[in-house]
Asker: 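Structure in structure tokens, see below.
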Amino acid sequence: MTGSMQRRLFTTFAAVALVMLAPLPTLAQTAAAKNKVVFQVSDGDPQKWNLALNNARNLIDDLGSDTVDLEIVVYGPGIGMLKSDSVVGKRVADALKGGVKIVACENTMKAQKLVYADMLPDIGYVPAGVVELMKKQHQGYAYIRP
């Protein structure tokens, strides 16, 4: 065996050894990782809202509330479903109690002349819904638009 072949063989064995010695994530570290999901709801259609809320509930039921970080971002015509007289208000309240974060776009509220007193209790607010979606995607959230 030539010196060049010996060096290549040694380099290959060294690389394999380094890969084998690299720390692997423990089960606890893997289990601690949350599934991050952001939903966009910009439609004022109650059927779309019910679909989004069903999807959120199914996700939490399947994966467990302790392993899911789920946010529903609402803007445009969808904002009407977050008003205090919303036909899906009870379902929104149930989702909030179940660990879903639901946020309203303040830009849309301003354009529609809505104030916080017009809205369902316990929802959150973001300055701009589209920017919130972009930020969440940059943070590794899966994006879903039912």
Side-chain angles (χ1 to χ4, degrees), residues 7-146:
R7 279 191 298 278
R8 274 188 267 164
L9 187 59
F10 175 77
T11 303
T12 301
F13 283 130
V16 169
L18 284 174
V19 168
M20 292 177 70
L21 293 174
L24 296 174
T26 66
L27 183 58
Q29 289 170 323
T30 304
K34 283 211 170 198
N35 297 287
K36 301 186 298 186
V37 183
V38 63
F39 285 24
Q40 171 190 332
V41 180
S42 52
D43 296 358
D45 178 6
Q47 287 183 321
K48 285 276 188 165
W49 264 94
N50 281 314
L51 176 61
L53 293 168
N54 288 343
N55 287 339
R57 186 190 62 231
N58 291 341
L59 189 83
I60 289 173
D61 286 350
D62 286 350
L63 300 177
S65 62
D66 56 333
T67 67
V68 178
D69 186 3
L70 193 153
E71 181 174 317
I72 299 176
V73 178
V74 184
Y75 64 92
I79 206 86
M81 293 296 149
L82 293 182
K83 290 172 56 178
S84 58
D85 61 352
S86 170
V87 296
V88 295
K90 180 171 179 352
R91 294 215 53 214
V92 169
D94 290 343
L96 289 164
K97 288 177 192 164
V100 177
K101 182 178 179 185
I102 301 175
V103 297
C105 171
E106 292 176 322
N107 282 341
T108 299
M109 289 175 62
K110 183 177 179 182
Q112 294 187 18
K113 296 179 177 32
L114 297 171
V115 295
Y116 300 131
D118 296 325
M119 310 305 284
L120 291 168
D122 302 322
I123 63 170
Y125 300 92
V126 293
V130 173
V131 174
E132 179 72 1
L133 289 170
M134 182 186 70
K135 286 179 179 179
K136 292 296 182 187
Q137 289 181 58
H138 281 291
Q139 294 169 3
Y141 280 67
Y143 167 80
I144 298 175
R145 181 168 185 219

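As a basis for the values below, the full set of heavy atoms in this structure was taken, side chains included, without hydrogen atoms, waters or symmetry mates.
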Asker: The test is side chain to side chain contact (heavy atoms under 4.5 Å, CB included); show your working for Leu96 and Val92 and say whether it passes.
Answerer: CA-CA 6 Å; Leu96 289 164; Val92 169; 4.1 Å; yes

Asker: Report the C-alpha separation of Leu133 and Tyr75 in whole Å, then their side-chain angles, then the decisive distance to 0.1 Å, and conclude whether the side chain to side chain contact (heavy atoms under 4.5 Å, CB included) test is met.
Answerer: CA-CA 11 Å; Leu133 289 170; Tyr75 64 92; 3.8 Å; yes

Asker: According to the ring pair (Phe, Tyr, Trp, His ring centres under 6.0 Å) rule, which pairs have a member within residues 98-136, sequence neighbours left out?
Answerer: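 Pairs touching residues 98-136 that pass the test: Tyr116-Tyr125.
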
Asker: Any idea which heavy atoms bring Pro127 and Cys105 closest together, and the distance?
Answerer: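 Shortest heavy-atom contact: O-SG, 4.1 Å.
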
Asker: Applying the side-chain contact (heavy atoms from CB on, under 4.5 Å) criterion to Met109, which one of Val74, Leu114, Val115 satisfies it?
Answerer: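 Considering Val74, Leu114, Val115, a side-chain contact (heavy atoms from CB on, under 4.5 Å) with Met109 is found only for Leu114.
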
Asker: Testing Lys34, Lys101, Lys36, Lys135 for salt bridge (charged side-chain N to carboxylate O under 4.0 Å, His left out) with Glu71, which one passes?
Answerer: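 With Glu71 as partner, Lys34, Lys101, Lys36, Lys135 yield a single salt bridge (charged side-chain N to carboxylate O under 4.0 Å, His left out), made by Lys101.
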
Asker: Which atom pair, heavy atoms only, marks the closest approach of Ile102 to Ala95?
Answerer: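 Heavy atoms of Ile102 and Ala95 come nearest at CD1-CB, 4.2 Å.
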
Asker: What are the two closest heavy atoms between Met81 and Gly44, and how far apart are they?
Answerer: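 Heavy-atom minimum between the residues: CE-O, 2.8 Å.
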
Asker: Are Tyr143 and Gln40 close enough, and set up right, to give a side chain to side chain contact (heavy atoms under 4.5 Å, CB included), and what steps lead you there?
Answerer: CA-CA 8 Å; Tyr143 167 80; Gln40 171 190 332; 2.4 Å; yes

Asker: Got a donor-acceptor contact below 3.5 angstrom from the Thr108 side chain to the Gly76 backbone?
Answerer: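 Indeed, once roles are kept as given, a pair shorter than 3.5 Å links the two residues.
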
Asker: Would you say Gln47 has more than 12 foreign heavy atoms packed within less than 6.0 Å of its CD?
Answerer: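 No - once you tally the heavy atoms of other residues, nucleotides and ligands closer than 6.0 Å, there are 12 at most.
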
Asker: Identify the heavy atoms of Gly98 and Ile60 that sit nearest to each other, and give their distance.
Answerer: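 Smallest interatomic distance, heavy atoms only, reads O-CD1, 3.8 Å.
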
Asker: How many angstroms lie between atom CG of Leu51 and atom CG of Asp45, to the nearest 0.5 angstrom?
Answerer: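 Atom-to-atom, Leu51:CG and Asp45:CG are 9.5 Å apart.
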
Asker: Applying side chain to side chain donor-acceptor pair (under 3.5 Å), name anything that partners Asp69, two or more places apart in sequence or on another chain.
Answerer: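 In terms of side chain to side chain donor-acceptor pair (under 3.5 Å), with neighbours along the sequence ignored, Asp69 is linked to Tyr141.
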
Asker: Which heavy-atom pair separates Lys113 from Asp118 by the least distance, and what is that distance?
Answerer: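 Reported closest heavy-atom pair: O-OD2, 4.1 Å.
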
Asker: Begin with the C-alpha distance, continue with both residues' side-chain angles, and end with the deciding distance and a verdict on side chain to side chain contact (heavy atoms under 4.5 Å, CB included) for Ile79 and Met119.
Answerer: CA-CA 9 Å; Ile79 206 86; Met119 310 305 284; 3.9 Å; yes

Asker: Pick one: which of Val38, Ile72, Val73 meets side-chain contact (heavy atoms from CB on, under 4.5 Å) with Val103?
Answerer: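 Output: one option passes, namely Val73.
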
Asker: With Trp49 as reference, evaluate Asn54, Val87, Leu82, Asp43 under the side-chain contact (heavy atoms from CB on, under 4.5 Å) test and give the passing residue.
Answerer: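 For Trp49, the side-chain contact (heavy atoms from CB on, under 4.5 Å) test succeeds with only one of Asn54, Val87, Leu82, Asp43, which is Leu82.
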
Asker: Specify the closest pair of heavy atoms between Ser42 and Pro77, including all atoms of both residues, with the distance to one decimal.
Answerer: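 Closest heavy-atom pair between Ser42 and Pro77: O-CD, 3.2 Å.
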
